[in-house]
**Student:** 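Can you keep this structure in mind? I'll have questions shortly.
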2 protein chains.
Amino acid sequence: MYRIGELSALYDIKADTLRFYEKHGLLSPSSRSDSGYRLYNQADSERLKFILRAKAVGFSLNDIADLLSIEVDKSNRACADVKGLVDTKLEQVEAKLAELQHFATSLKSLSNTCCGGPDSAEHCSILEALESSDKHIIAKKEHHHFANLGHKD
Amino acid sequence: MYRIGELSALYDIKADTLRFYEKHGLLSPSSRSDSGYRLYNQADSERLKFILRAKAVGFSLNDIADLLSIEVDKSNRACADVKGLVDTKLEQVEAKLAELQHFATSLKSLSNTCCGGPDSAEHCSILEALESSDKHIIAKKEHHHFANLGHKD
DNA sequence: ATAAACCTTGGAGTTTAATCCAAGGTCAAG
DNA sequence: CTTGACCTTGGATTAAACTCCAAGGTTTAT
């Protein structure tokens, strides 16, 4: 059992944030002490881990509440409802995954292209790297190099 | 060349959002018309695409500005600086990727476990799926099924 | 040449997600 | 039995990221 200060320290967040999540229905302590202190158990801690992970990959607290609602009232929901909700979120997750893989590829190619030395980074740009990785995916036959890009007005 | 309304329609955002990004140094139109209307070219559009993608995977506008600064002053930066920045962001992207893959796995397993029918979803929970996928990764030798989980006081 | 649909600016308002504050109760150590 | 670290509540404040508004200029279509 953790008290609010212990759990918040564990995940490097503020106690206030836990109270905030509670107020907004994301995470309630499974019990209270005689004097009213919040007491969080291991399951609560897991739930918090989930919330923080989901937040880190760009889901809003509302999105997360949707997902967690499966947990909360699972015995009141039909499997079909759950499946629908899950499949919708899965699509979102997979879209994000695709985006991130795209980013990772571009960043890696940028990191490799870049000499890493003290010279001017004239040919180092995320956008250039993204563009060339787009090219790579969309039309890998064309293979020219853009030197004079991004020079506006 | 797009006017603000055209570009915003293209990406399904508000014109105000584009003005906001401009004010905060994320995206400026490459030119203006005689009467002062903003005119965005293809490169501007690509840059916007990048911003929106990065946002969608959980980067803040500040993070994104950092990344884009590589583009803006690349001739004033040493390759070593660029490489440092890129490698830092790459680490963040890869951490997010790992999280998302974890989510995707859990959601898939949940979707598969779930009968999808009109019955009560007693055994369908994200947290249960996450937990069992944790189990799967951490100790895949143990292979039992958790029926009585998530039953908190 | 005038309405409708678009654009300009500056500034105010909203939403989301915390974070802080004040007044007071709790608990372990000395 | 009091001191200090911790907890309670409700309400105010902050920061980020928009989103809206008002007053006026511009374009295009009739």
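Lettering of chains follows the sequences in order, A, B, ..., and the numbering in each one begins at 1.
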**Student:** Give, for atom OG of Ser33(B) and atom CG of Leu39(B), the distance between the pair rounded to the nearest 0.5 Å.
**Tutor:**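 If we round to the nearest 0.5 Å, Ser33(B):OG and Leu39(B):CG are 5.5 Å apart.
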**Student:** Is there side-chain contact between Leu67(A) and Leu85(A), with heavy atoms separated by less than 4.5 Å?
**Tutor:**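 The answer is no; the side chains never approach within 4.5 Å.
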**Student:** Report the distance from atom CG of Leu18(A) to atom C1' of dC7(D), rounded to the nearest whole Å.
**Tutor:**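 After rounding, the gap between these two atoms is 13 Å.
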**Student:** Do the side chains of Ser28(B) and Glu22(B) get nearer than 4.5 Å, heavy atoms only?
**Tutor:**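 In short, these two side chains touch, coming nearer than 4.5 Å.
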**Student:** Check side chain to side chain contact (heavy atoms under 4.5 Å, CB included) between Gln101(B) and all other residues, then give those that pass, not counting sequence neighbours.
**Tutor:**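 Gln101(B) satisfies side chain to side chain contact (heavy atoms under 4.5 Å, CB included) with Leu97(A), Gln101(A), Leu97(B) once adjacent residues are dropped.
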**Student:** Should Arg38(B) be listed as having a side-chain N or O under 4.0 Å from OP1 or OP2 of dT8(C)?
**Tutor:**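 Yes, Arg38(B) has a side-chain N/O under 4.0 Å of OP1/OP2 on dT8(C).
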**Student:** How many Å lie between OH on Tyr2(A) and C1' on dC7(D), as a whole number?
**Tutor:**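 The answer, rounded to whole Å, is 19 Å.
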**Student:** Pick base, sugar-phosphate or nothing for Ile13(A), based on heavy-atom distances below 4.0 Å to the nucleic acid.
**Tutor:**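 It contacts nothing in the nucleic acid.
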**Student:** Could you state the atom-to-atom distance from CD1 of Ile4(A) to P of dT19(C) in whole Å?
**Tutor:**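 Roughly 13 Å, once rounded to whole Å.
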**Student:** Compare all side-chain heavy atoms of Arg38(A) with those of Arg19(A) and state whether any distance is below 4.5 angstrom.
**Tutor:**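 A side-chain contact under 4.5 Å exists here.
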**Student:** Could you run down nucleotides 16-30 of chain D 5' to 3' and tag each one B, S or - for protein heavy-atom contact under 4.0 Å?
**Tutor:** -BBBB----BBS---
**Student:** Between atom CG in Leu39(A) and atom C1' in dT8(D), what is the gap in whole Å?
**Tutor:**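 So the CG-C1' distance, Leu39(A) to dT8(D), works out to 13 Å.
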**Student:** Considering residues at least two apart in sequence or located in another chain, which fulfil the ring-ring contact (aromatic ring centres under 6.0 Å, His included) criterion with Phe20(B)?
**Tutor:**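 Phe20(B) satisfies ring-ring contact (aromatic ring centres under 6.0 Å, His included) with His24(B) once adjacent residues are dropped.
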